[in-house]
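This report concerns only the one structure given below.
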Amino acid sequence: MSIYDNLNEPQREAVFHTDGPLLILAGAGSGKTRVLTHRIAYLIEERGVSPWNILAITFTNKAAGEMRQRVDNLVGYGAESIWVSTFHSACVRILRRFIDRLGYDNRFTIYDTDDQKTLIKEVCRQTDIDTKKFKERMLLSVISSAKNEMILPDEFELNAGGDFAQQKIARAYREYEARLKANNALDFDDLLVKTVQLLDTQPDIRENYQERFRYIMVDEYQDTNTVQFKLVSLLAGKYRNLCVVGDDDQSIYKFRGANIRNILDFEKEYPDAKVIKLEQNYRSTENILNAANSVIRNNRGRKDKTLWTANGTGEKICLRQFDTAYDEADFIASDVSDEVREGAAYKDHAVLYRTNAQSRILEEKFVAMNIPYKIVGGINFYARREIKDILAYLKTIDNGRDDLAVRRIINVPKRGIGQTTINRIQESASQRGIGFYEALMAPGLIPGVGRSASKLDSFAALIEYFKGQAQRESLTDLITEIIEKTAYIENLDADDPEDAQARIENIDELVSKAAAYEEDCADRGETGTLGGFLEEVALVADIDSLDENQDYVVLMTLHSAKGLEFSHVYLAGMEDGLFPGYMAITADDREELEEERRLCYVGITRAEEKLTLTCARRRMVRGETQFNRMSRFVMEIPAEILDTGTFRAEKDVEPPARDTYRNAREAFRTRPFAGSYPGKKADENNAFSALQKGSQLAAKPEGGLSYGVGDRVRHVKFGEGTVLDIREGGRDYEVTVEFDGAGTRKMFAMFAKLAKV
DNA sequence: CGGTCACCAGTTTTT
DNA sequence: CTGGTGACCG
C-alpha cells in the first residue's frame, strides 16, 4: 500500500503527470493541497528529483507553512531544501542576492501600505499635486495597477498622451519611484517587478534560477496578477515543468490586479498543457454544495465544472433575518454558545463578513457573552502605531537610508524637534543629494537649525549607540534597550493612559515575536539578524497568525477565509448594498457583481457541516441607518434547502415614518434591478408596472402585497403560478404558490419578489 | 514648538 | 462615528 492509494482517479493523474505544463482545476474542497503535496513526494521519491529543484509558491505564509508541514510528513528526507514560499518572500530572497545589478543596495527595506501613503503624500506636496483632486489612495492604486501590469513611469507617461490628469499622475509615479530608490526601499509591488526585471535583463541569473527550479508549482493560480504570471513564466521558461492549481470560481482579488485570464487562458499560453479537473468535494455536505453551485451558476464565462460529494445531505442552510445588526450578532453569539454547550468546540465556528467594519458589533457580543474569539484582519499587528515606532527605530539602526523611518522617530518620544527643523533638514539633505539621517549627523551644516542642533546631536548619538549595540547584543535585548533608553513606555502612559495598557501589551508581543524569530533561526543553526527580522515582519499577513490549536471562534472577512474550512460557518450581513456591496451593484460592469458572487461562493464552500446565513433589516453605517433588503445571493439558493425558521414577531414597533421611508426606498430600489436578472423578457417591465399599480390599488395595510389568493404571479426562478394561500408570519407574509413548472412552494413575500401577472 | 479645537472626508477586500 | 488635517494660541 502506497501513499498514493487513497487518492481518487483524477487526483492520482495529477500527481503522476510530472513533466510539462499542467493545469489543475480544483473546485473548493477537492483536495488540492493533498495533490500538491503528494505530487512533490512523488517527484522526489519516484522520479528521483532533487528536493533542491522544486519550488512551490503560495499566497500566504500560513499556506506555505502548512504545505511544508505536510510535505515533511510525506517525504522523509530532504524536504527542507524545497522552496515552499509566498511570491513575495521568494522574490525578496532572490533580490537580497542580486538586486545590486539593478543599482539598489542589497539591504533595501520594504515599505508597507502605511509607508507608501506617507511617501505619496510627500510627493504630492513637493510636486504641487492637489490632494483634493488627486486622492493619495487613488494615486497609489493607479501606481500599483501600473506596476502590476509592468508599466514603468516612462511608458506610463507615454500612455498618458495629452491627457493632463494622466500626465500629472505620471509625474507623481515618477517622483514616487525616485523617492523609493533614494530611500533604498521597495514597496510590495516592487518585490515582484524588480525580480522580473532582474530575470529579464540578466541572462546569467535567469539561467541560474531556471536550472534550479526545474519543477514549479503554483497554488491559488486564479489570484495571480500579470507580474506574477510573468515571473512564473520566466522561471519555468526552460524546463516548462509548471503545474498550476486554481479555481476560477474563487478568483476574488481582481481589485488587487489579479488577472482571471491567467487561469482561463492557461491552455492558450501553453497549448501542450494537460488539464485535470478535480470535482469531487470532500469537505461539505450536499446541501451546502448545492447552495454553492446554485449561486455560482449565475456567473458567466467560467470553466465548466460541477462539484459533487459523496458526503450526506446534511442539515439545511439556516437563514435568519433580524431587525438590526445588533440582533444579528446576538443571535450568532448565542448560537455558538448553544452549540458549544452541546459539545462543539469554539474553533469549529467561523463568522465571515464582507467588510471589516462589521466585526465590531460581533466582537462586542462575543466579549459580553464570554466567548473566546479571534479577529483576523483589520489593522495588521505590525501596522499599529507603537509597533511601527519600534520598527522604525530598528529600520533606522539597520538601514540609515530609510528616511521615512528616521523621520517617524526623530521626535518620538518627544524630543522638542519640530516640523520646521525636520523640514530644514530635509531641504538641506535634498539639496546636497544625501539622506536625511546623513544630513542630521552634521546639524552644523544645516542653515537655520541653530537652537535645535544640540537635540539633533543627542538623537544621532542615541542611534549610533544603538547601532553599536546591535552588533553586540541579541535582537530581543536590543528592542528592550530601545524601549528603556527612549522611555517609550513611560511616554506612552503620559500621552494617553487610556490605550497605554493595550499598547504595552502589543510591545510585549513584539518582543516575544522577536524572541521566537531568534529561536527559529537558532533551530536552523543560523543567527537571527536585525535585517532578517524586519524582512519577516514586513511580509506577514494577519491571517498567518491563525492558530488551529487554539480554541476560539474566528471572525474574519470573506477574503481572508479563502483556503480555510470550518465545520460551522456563519455568513453575516447577507444584504444587498453590503454584500454584494453598494459599489458592485451600481457599477455597470457585470464583472464586479460576478466577483462578489465568487466571494459568496468562497464563503459558502468554507462550511463543512452547517451553514448559517444572517442579515439585518437596518444597519448603522457611518453613523446613519441604512435599510437593506436580503442579499440577492440568498435568493439564488433554492428555497427547499433553506431553513428559514419562524421569523420572530416584532418586539418594538418601528416608528411609521421609518416604514414609509423603507417602502419608498425599496420601491425605488426594486426598479433598477428588476431588469438585471438573466433571461429577462421584454414584457417584464410591464409586469413590474402592474405590480406598482397593483400595490396602489390594493392599498393593503402594512406595506401590502400586490396580489391575493387566486391571483396569477410570476417568480424570477420558478416562472408563473397561482397563489394558494397567504398567511401572516411575523413581519412578513408567507405565501404558498402552485407553480406551473416547479410544484407548490411556500415562500416569504419579502424576498420571493412575486409579481402579479 | 506643541497642544487644542474644529472641521472634513471617508469605507470594500490585502500580499 | 472615526481619524486625520489645518488653524490658532500659549
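Letters A, B, ... mirror the listed sequences (proteins, then strands); counts begin at 1.
- Here A:D330 pairs with A:K365 in a salt bridge; the nearest charged N to carboxylate O distance falls below 4.0 Å.
- A sub-4.0 Å separation between OP1 or OP2 of B:dT15 and a side-chain N or O of A:N61 is absent.
- Under a 4.0 Å N-O distance rule, the pair A:E363/A:K374 does not qualify as a salt bridge.
- Under a cutoff of 6.0 Å and an axis angle of 45°, A:K181 and A:Y104 form a cation-pi pair.
- Between A:L192 and A:K455, it is A:K455 whose nearest contact on DNA chain B lies nearer the 5' terminus.
- Of the listed nucleotides (B:dT15, B:dT13, B:dG3), B:dT15 has the atom at the smallest distance from the side chain of A:T113.
- A ring-centre distance under 6.0 Å is not found for A:Y353 and A:H559.
- A side-chain donor-acceptor contact under 3.5 Å links A:E636 and A:N298.
- Nucleotides B:dT13 and C:dG4 are separated by 16 Å at their P atoms, to the nearest Å.
- OP1 or OP2 of B:dT15 has not a single side-chain nitrogen or oxygen of A:N225 nearer than 4.0 Å.
- Salt bridge annotation for A:D248-A:R598: absent, with no cationic side-chain nitrogen under 4.0 angstrom from a carboxylate oxygen.
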Short N/O separations, protein against nucleotides 8-11 of chain B, under 3.5 angstrom:
{"residue": "B:dG10", "atom": "OP1", "partner": "A:K135", "partner atom": "NZ", "Å": "3.3"}

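- Of the charged side-chain nitrogens involved, at least one lies within less than 4.0 Å of a carboxylate oxygen, so that A:R96 and A:E535 count as a salt-bridged pair.
- For A:R385 and A:D114, the salt-bridge test fails: no basic side-chain N is under 4.0 Å from an acidic carboxylate O.
- Between A:N356 atom CG and B:dT13 atom P there is a gap of 5 Å when expressed in whole angstrom units.
- At a threshold of 4.0 angstrom between heavy atoms, the contacts of A:F87 with the nucleic acid are absent.
- Under the 6.0 Å distance and 45° angle rule, A:K513 counts as a cation-pi partner of A:F381.
- Heavy atoms of A:K121 sit under 4.0 angstrom from primed sugar atoms or phosphate atoms, though from no base atom.
- Nucleotides of DNA chain C with any atom under 4.0 Å from a heavy atom of chain A span, from 5' to 3', C:dT2 to C:dT5.
- Using a 4.0 Å heavy-atom distance criterion, A:D112 is classed as making no nucleic acid contact.
- Rounded to an integer number of Å, the gap from A:Q116 CD to B:dT15 P is 13 Å.
- Here A:F255 counts as stacked on B:dT13: its ring centre is under 5.5 angstrom from the base ring centre and the planes meet at under 30°.
- Taking atom OH of residue A:Y253 and atom P of nucleotide B:dT13, one finds them 11 Å apart after rounding to whole Å.
- Summarising the geometry, the separation between OH on A:Y601 and C1' on B:dT13 is reported as 20 Å, rounded to the nearest angstrom.
- Counting non-hydrogen atoms under 4.0 angstrom, A:S89 reaches nothing in the nucleic acid.
- Phosphate contact (OP1/OP2 of B:dT14, side-chain N/O of A:T557, threshold under 4.0 Å): present.
- Note on A:G416: only backbone sugar-phosphate atoms sit closer than 4.0 angstrom, heavy atoms only; bases stay farther off.
- A:R360 comes within 4.0 angstrom of the backbone, heavy atoms only, and of no base.
- What separates CD1 of A:I422 from C1' of B:dG2 is a distance of 12 Å, to the nearest Å.
- Across all strands shown, A:L539 has no heavy atoms under 4.0 Å from either base or sugar-phosphate atoms.
- Between A:R632 and A:E575 there is no salt bridge, since none of the side-chain N atoms of the basic residue sits less than 4.0 Å from a carboxylate O of the acidic one.
- The side-chain tip of A:R619 does not point at the ring of A:Y326 from less than 6.0 angstrom away and within 45° of straight on.
- Contact between the side-chain N/O atoms of A:S560 and the OP1/OP2 oxygens of B:dT13 is not found at any separation under 4.0 Å.
- Mapped onto DNA chain B by nearest heavy atom, A:N411 and A:E596 fall at different nucleotides, with A:N411 at the one closer to the 5' end.
- The separation between A:E594 atom CD and B:dT13 atom C1' is 18 Å, rounded to whole Å.
- Between A:I57 atom CD1 and B:dT15 atom P there is a gap of 17 Å when expressed in whole angstrom units.
- Phosphate contact (OP1/OP2 of B:dT15, side-chain N/O of A:N148, threshold under 4.0 Å): absent.
- Between the P atom of B:dT14 and the NE2 atom of A:H559 lies a distance of 7 Å, rounded to the nearest Å.
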